[in-house]
Amino acid sequence: MRAQASVLHLDLDAFFAAVEQRDKPSLRGKPVVVGGVGGRGVVATASYEARKYGVRSAMSTREARSRCPHAAFLSGRFHAYRASSNAVMGLLRSVSPLVEPLSLDEAFVDLERADLPDLELPTLTAFAEHLRARVAEVTDGLTASVGLGSSKFIAKVASELDKPDGLTVVAPGTEVELLRPMHVSVIPGVGPATAERLRRAGIHTVADLESVGLEELVRLVGKAHGTGLWHLARADDDRPVLAERETKSVSVEGTYETDLTDRKLMEGLLARQAGEVAARLRKHGLSGRTVTIKVRLHDFTTLSRSSTLASPTDATATIARLARALLADLDTSGGVRLLGVGVSGLADWIQDDLFGESDPEVVEQEPEPVQAPTSRHPTWAPGADVVHADLGRGWVWGSGRGVVTVRFETAETPAGPVRSFPIDDPDLAPWLPAEAENSLAEGVEET
């Protein structure tokens with residue numbers, strides 16, 4: 001923990017939904033939900049107008065619709081989110097060389113490396129206020145909540161205290177006093193399972209946690225986790241802000257519109273995903289030792305299985321073979337709605353085949369093409385950008401029964417008119433900015 005509140009955490013408010021409201025004038029001030037729009041979808045982000053009705057991230061779209069049926073449910077536009085994120089991260093890197101992105105919409109900044117006259121509270125506060133104003137400028141109106149503290153933990157807690165569009169500075173020496181009344185879930189790593197285990201032990205708040213000895217916490221949640229909780233309950237956090245975060249895994253997954261029951265189809269889909277993962281590994285000069293599959297069953301139960309190799313690989317056939325073998329141990333007779341393949345235990349080298357036992361043609365053999373089941377009719381994703389030959393740019397309001405409905409407006413125009421067209425109208429086409437089209441032409445988006 002530092003002597004000054006020189007760690008800044010910035011979190012863009014309701015990021016995906018805010019970008020949609022910025023770019024779609026008719027949605028400003030109205031409930032917006034971004035995520036999977038089908039019956040199996042999950043909410044990625046809800047606008048603050050939707051949150052008033054109890055809609056939250058990770059909630060099923062079905063429940064979100066029941067809570068807020070009048071919201072706009074959009075499938076999301078990654079190119080728009082990436083562009084805004086790049087603008088913000090570029091701004092942060094212009095003020096300090098030590099910026100640690102956590103996701104598209106949040107990052108830590110080490111202000112000890114910023115060009116500030118001092119690190120006193122008035123200077124840091126004025127800097128943070130100016131930074132928030134700059135964020136609004138570079139994103140054409142998005143807001144950010146900012147926390148300043150003497151550690152990453154405290155800065156992140158602080159950024160949550162005055163949302164949206166707020167700033168909280170935690171003066172050094174007041175950290176423990178701030179934390180004590182808070183629920184234990186404020187501490188990183190305390191998810192539902194750990195919180196329930198602590199609740200059964202009578203531990204509800206950080207103050208309760210602080211009163212428990214280290215040995216007792218280790219007994220409750222394990223050595224590594226218990227030791228971490230013991231330190232964080234006392235605001236003891238000396239983790240540095242890291243400009244480059246090590247990639248820990250590479251993965252691909254897909255959610256399917258209808259449940260998969262054909263085992264050969266599932267094996268084919270896993271093989272295709274294994275090929276995408278292997279290609280990403282090779283693109284970045286990486287290999288990995290542990291292959292993991294993720295399987296979400298028809299009842300939303302999510303299973304994962306892993307297998308570890310003696311040496312790292314980037315071979316499609318090896319990854320696919322292990323993924324199929326892992327699937328063989330699972331009961332998927334009730335249907336599968338999501339499949340995924342990942343590789344972890346990454347390295348930047350490949351073990352040579354010293355004994356010449358591998359056939360390179362087999363190792364690099366392409367998986368047979370497979371096609372996941374799709375809905376009977378083509379659809380336009382709600383919220384997607386489109387352009388009409390005569391009416392110009394707009395976005396998909398909805399589609400079905402052979403018709404697509406478009407609202408013609410952009411971030412630079414007033415709320416626009418709504419028109420409907422046949423789903424195969426030749427004058428209507430998807431629209432992407434040139435930079436997004438170029439990135440798609442280069443290959444699969446990295447995750």
Side-chain angles (χ1 to χ4, degrees), residues 12-51 53 55-65 67-85 104-105 139-142 254-255 257 374-375 377-388 391-423 425 428-433 435-437 439-440 445:
L12 292 163
D13 300 315
F15 179 48
F16 296 168
V19 171
E20 299 300 340
Q21 291 176 318
R22 179 197 66 190
D23 294 348
K24 299 174 170 60
S26 61
L27 299 183
R28 294 170 188 168
K30 297 180 181 178
V32 173
V33 179
V34 178
V37 297
R40 307 182 190 282
V42 174
V43 174
T45 306
S47 70
Y48 286 93
E49 294 85 357
R51 295 182 192 190
Y53 294 87
V55 180
R56 54 177 173 75
S57 299
M59 174 182 286
S60 72
T61 300
R62 189 185 304 276
E63 182 176 352
R65 288 186 187 276
R67 289 174 178 261
C68 191
H70 58 290
F73 286 82
L74 309 177
S75 60
R77 300 172 303 135
F78 190 82
H79 68 86
Y81 311 144
R82 172 66 70 185
S84 292
S85 175
L104 286 176
D105 58 343
T139 61
D140 296 321
L142 300 186
T255 301
E257 297 178 19
T374 59
S375 57
H377 303 289
T379 58
W380 293 82
D385 293 318
V386 296
V387 61
H388 189 272
L391 298 173
R393 283 180 50 200
W395 56 278
V396 176
W397 209 38
S399 64
R401 298 184 181 276
V403 174
V404 56
T405 301
V406 176
R407 183 181 283 275
F408 288 95
E409 62 183 8
T410 68
E412 292 78 29
T413 69
V418 176
R419 299 286 186 271
S420 294
F421 308 92
I423 206 163
D425 190 320
L428 189 67
W431 180 88
L432 281 175
E435 57 271 20
E437 288 181 341
S439 67
L440 287 176
E445 181 72 36

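What you see below is based on every heavy atom in this structure, not just the backbone, and it leaves out hydrogens, waters and symmetry mates. All values derive from a computational prediction rather than experimental measurement.
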Restricting to side chain to side chain donor-acceptor pair (under 3.5 Å), what partner residues turn up for Thr255, sequence neighbours left out? none
Holding to side chain to side chain donor-acceptor pair (under 3.5 Å), I want the full list of residues that pass it with Thr413, two or more places apart in sequence or in another chain. none
Nearest 0.5 Å please: distance from the [atom1] atom of [X] over to the [atom2] atom of [Y].
X	Y	atom1	atom2	answer
Lys30	Gln21	NZ	CD	10.5 Å
Asp425	Ser420	CG	OG	11.0 Å
Ser75	Trp380	OG	CH2	12.5 Å
Glu20	Trp395	CD	CH2	8.5 Å
Asp23	Arg28	CG	CZ	8.0 Å
Phe78	Leu104	CZ	CG	5.0 Å

Nearest heavy-atom neighbours spanning [X] and [Y]:
X	Y	result
Arg77	Gly383	CD-O, 3.3 Å
Ala46	Ala17	C-CB, 4.0 Å
Thr45	Ser57	CA-OG, 4.0 Å
Val55	Cys68	CG2-CB, 3.9 Å
Glu409	Pro414	CB-O, 3.7 Å
Pro422	Val404	O-CG1, 3.9 Å

Worked verdict on Arg67 versus Met59 for side chain to side chain contact (heavy atoms under 4.5 Å, CB included): CA-CA 11 Å; Arg67 289 174 178 261; Met59 174 182 286; 3.4 Å; yes
Assess whether side chain to side chain contact (heavy atoms under 4.5 Å, CB included) is satisfied between Leu74 and Lys24, documenting all intermediate values. CA-CA 11 Å; Leu74 309 177; Lys24 299 174 170 60; 4.2 Å; yes
On the 0 to 90° scale, with breaks at 30° and 60°, tag the Tyr81-Phe16 ring pair as parallel, tilted or perpendicular. parallel
Would you please say whether a donor-acceptor pair under 3.5 Å links the side chains of Arg22 and Thr139? no
Any side-chain heavy atom of [X] sitting closer than 4.5 Å to one from [Y]?
X	Y	value
His79	Leu432	yes
Val19	Val34	no
Val386	Phe421	no
Arg407	Val418	yes

Polar side-chain atom of Arg65 near backbone of Val37 as donor-acceptor pair, under 3.5 Å: yes
Strictly distance-based, threshold 3.5 Å: is any side-chain N or O of Thr61 a donor or acceptor partner for the main-chain N or O of Gly36? yes
Which residue pairs pass the ring pair (Phe, Tyr, Trp, His ring centres under 6.0 Å) test when at least one of the two sits in residues 27-50, sequence neighbours left out? none
Please report the C-alpha distance between Val387 and Arg393 in whole Å, then the side-chain angles of each, then the deciding distance to 0.1 Å, and finally whether the side chain to side chain contact (heavy atoms under 4.5 Å, CB included) criterion is met. CA-CA 4 Å; Val387 61; Arg393 283 180 50 200; 4.1 Å; yes
